[in-house]
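Take a look at the structure below.
Both ligands and their constituent atoms are indexed starting at 1 by order of listing.
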Amino acid sequence: MDVERLLLFMRAVLLNTGTELLAGDVHDTHLAFIAREIFSVGLRIEERRTVGDGPVISKTLRELFPRAEIIFVTGGLGPTSDDITRDVVAALLGLKLQENAELLASLKARLKARRIKWVSSIARQALVPEGVQILPNENGSASGLYLKADINPKIRSPYIFLLPGPPRELQPMFRDSVMSILRSIVKGPPKFERRFYKIAYMGESLIEEAIGKKILAIPGVELGYCARPGEVDVRIIGDRAALDQADRVVRSQLGDSIFTIGDETLEEVLVKLLTAKKQTLAIAESCTGGLLANRITNVAGASAVLLAGYICYANEAKIDMLGVDPKLIKEQGAVSEQVARAMAEGARKRAGSTYAFATTGVAGPSGGSREKPVGTVYVALASEREIKVKKLFFPSDRETFKQLVAQAAFEMLRRKLIS
Ligand code: ATP
Ligand code: MG
């Protein structure tokens, strides 16, 4: 089967307008939101453009119209003089702007309820091109607009959605009004699906080596990777039969390395596993400065498993809080297998938990030595029966270093819990 034809079922294009986006003052969130939403009806964004407010919107739409079947335009629906989206679209399609009495009344009521003075420019928001469908805005004054394809029979045009800029207005409008219209445009069940696999603490090249060729040999499957510190998402897209085949490859090759096939984080998986086993956790952190505890406590229900987190950065803290033997620190150094071991065991005993993590390392940029260069780290996992220590090497910036250490530690425990 032709992959392009399968995946680019209907060409959907996104046009973000707003000079603030190009100035770097605002981060675009619409692409991620819209792309994820429309996937469920079998649509993908094929192209995204970002332009400033002004005549460039008209020029860009003229360029996009011939190659788009569905187009989402965001921003520029407000009352100010730089909000020109609806005027531009009306002009391009040769549609007259008409005052919509209902819209005008609801705008007036909205302002009155908020005790905001009526300014005549606000009435612009009640001017809509003839023949459009109004998409109610529950969270702001700018309504969205939907124009069906070829709304002016004399001019070829795609299905057009004009949507407000603020995410808190766009998102509910999209879910409440846009999705049902899209369903009627697309018709029938989605032609393709998407599956996700998340893998921690395994490089993306290794993953690719394990599955890449075998999956790409299956006709009609698209394969993608998304790598973050200490974690890789594998994403496959295709029709159901092809995906079932690809799924068998991924599972047989990666097996237990997959920590979830859903949206869960690694810490969520850990909390779930520990909760199910009624087991508990303590965390002793030096170089990670509380990141492990922070991530665990971001999970709802963490209190059922986390008993204590100790941040012991200084040697004295390791001695006072965890009972690490000062002689050990003096002889082996704070960054050592023995100290990591003593920290984990100290934390486990003091907290009375089933398991305890300990991290101690050289995050840098200074403080490295020849035997222990910047990036050296020991991660310990104590349980009732044993203490395992791993020596790892993550030479990178401090934040990435901490994330990598956390991933390594969490994956160590996850492996133990599923074994
Ligand atoms: P308003 O009625 O608020 O003027 P509008 O439809 O005219 O809405 P804009 O003026 O273009 O929209 O944008 C309003 C605000 O929405 C921006 O200041 C920005 O904070 C936010 N915004 C716009 N576009 C985006 C985007 N792509 N991603 C995230 N936020 C955005
Ligand atoms: Mg505006």
If you measure every N/O of [X] against every N/O of ligand 1, is any gap under 3.5 Å?
X: T29; answer: yes
X: G75; answer: no
X: V26; answer: no
X: A142; answer: no
X: D83; answer: yes

Short list, please: which atoms of ligand 1 are under 4.0 Å from a heavy atom of [X]?
X: D28; answer: 26 (C), 27 (N), 28 (N)
X: P167; answer: 29 (C), 30 (N)
X: G76; answer: 5 (P), 6 (O), 7 (O), 9 (P), 11 (O), 12 (O)
X: P164; answer: 6 (O)

Would you say the side-chain atoms of [X] pair up with the backbone N or O of [Y], donor to acceptor, closer than 3.5 Å?
X: E130; Y: K96; answer: yes
X: D53; Y: T19; answer: yes
X: E285; Y: L292; answer: yes
X: R341; Y: V389; answer: no
X: E231; Y: R228; answer: no

*For L15 and L61, work out which heavy atoms get closest and say how close.*
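Closest approach of L15 to L61, heavy atoms only: CD2-CD2, 3.7 Å.
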
*May I have the step-by-step check of side chain to side chain donor-acceptor pair (under 3.5 Å) for T280 and R348, ending in yes or no?*
CA-CA 10 Å; T280 55; R348 205 182 73 80; over 6 Å; no

_Region of L21 engaging ligand 1 - heavy atom pairs below 4.0 Å_ =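 Within the 4.0 Å criterion, L21 contacts ligand 1 through side-chain atoms alone.
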
*Part of S141 within contact of ligand 1 (heavy atoms, under 4.0 Å)*: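 S141 to ligand 1: no contact under 4.0 Å from either part.
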
*When you check the side-chain N and O atoms of N16 and T74, is any donor under 3.5 Å from an acceptor?*
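Note: N16 and T74 side chains meet the donor-acceptor criterion.
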
*Does G140 come within less than 4.0 angstrom of ligand 1, counting non-hydrogen atoms of the residue?*
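It does not, in that no heavy atom of G140 comes within the 4.0 Å cut-off of ligand 1.
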
*Strictly under 4.0 Å, does any heavy atom of H27 approach an atom of ligand 1?*
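H27 counts as a contact of ligand 1 under the 4.0 Å cut-off.
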
*asked:* Would you say the rings of F72 and F174 are close, in the sense that their centroids are separated by under 6.0 Å?
replied: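 Yes, the ring centres sit under 6.0 Å apart.
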
*Please work out which of G144, G165, S143, G78 has its closest non-hydrogen atom nearest to atom 1 (P) of ligand 1.*
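Minimum heavy-atom distance to atom 1 (P) of ligand 1 goes to G78.
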
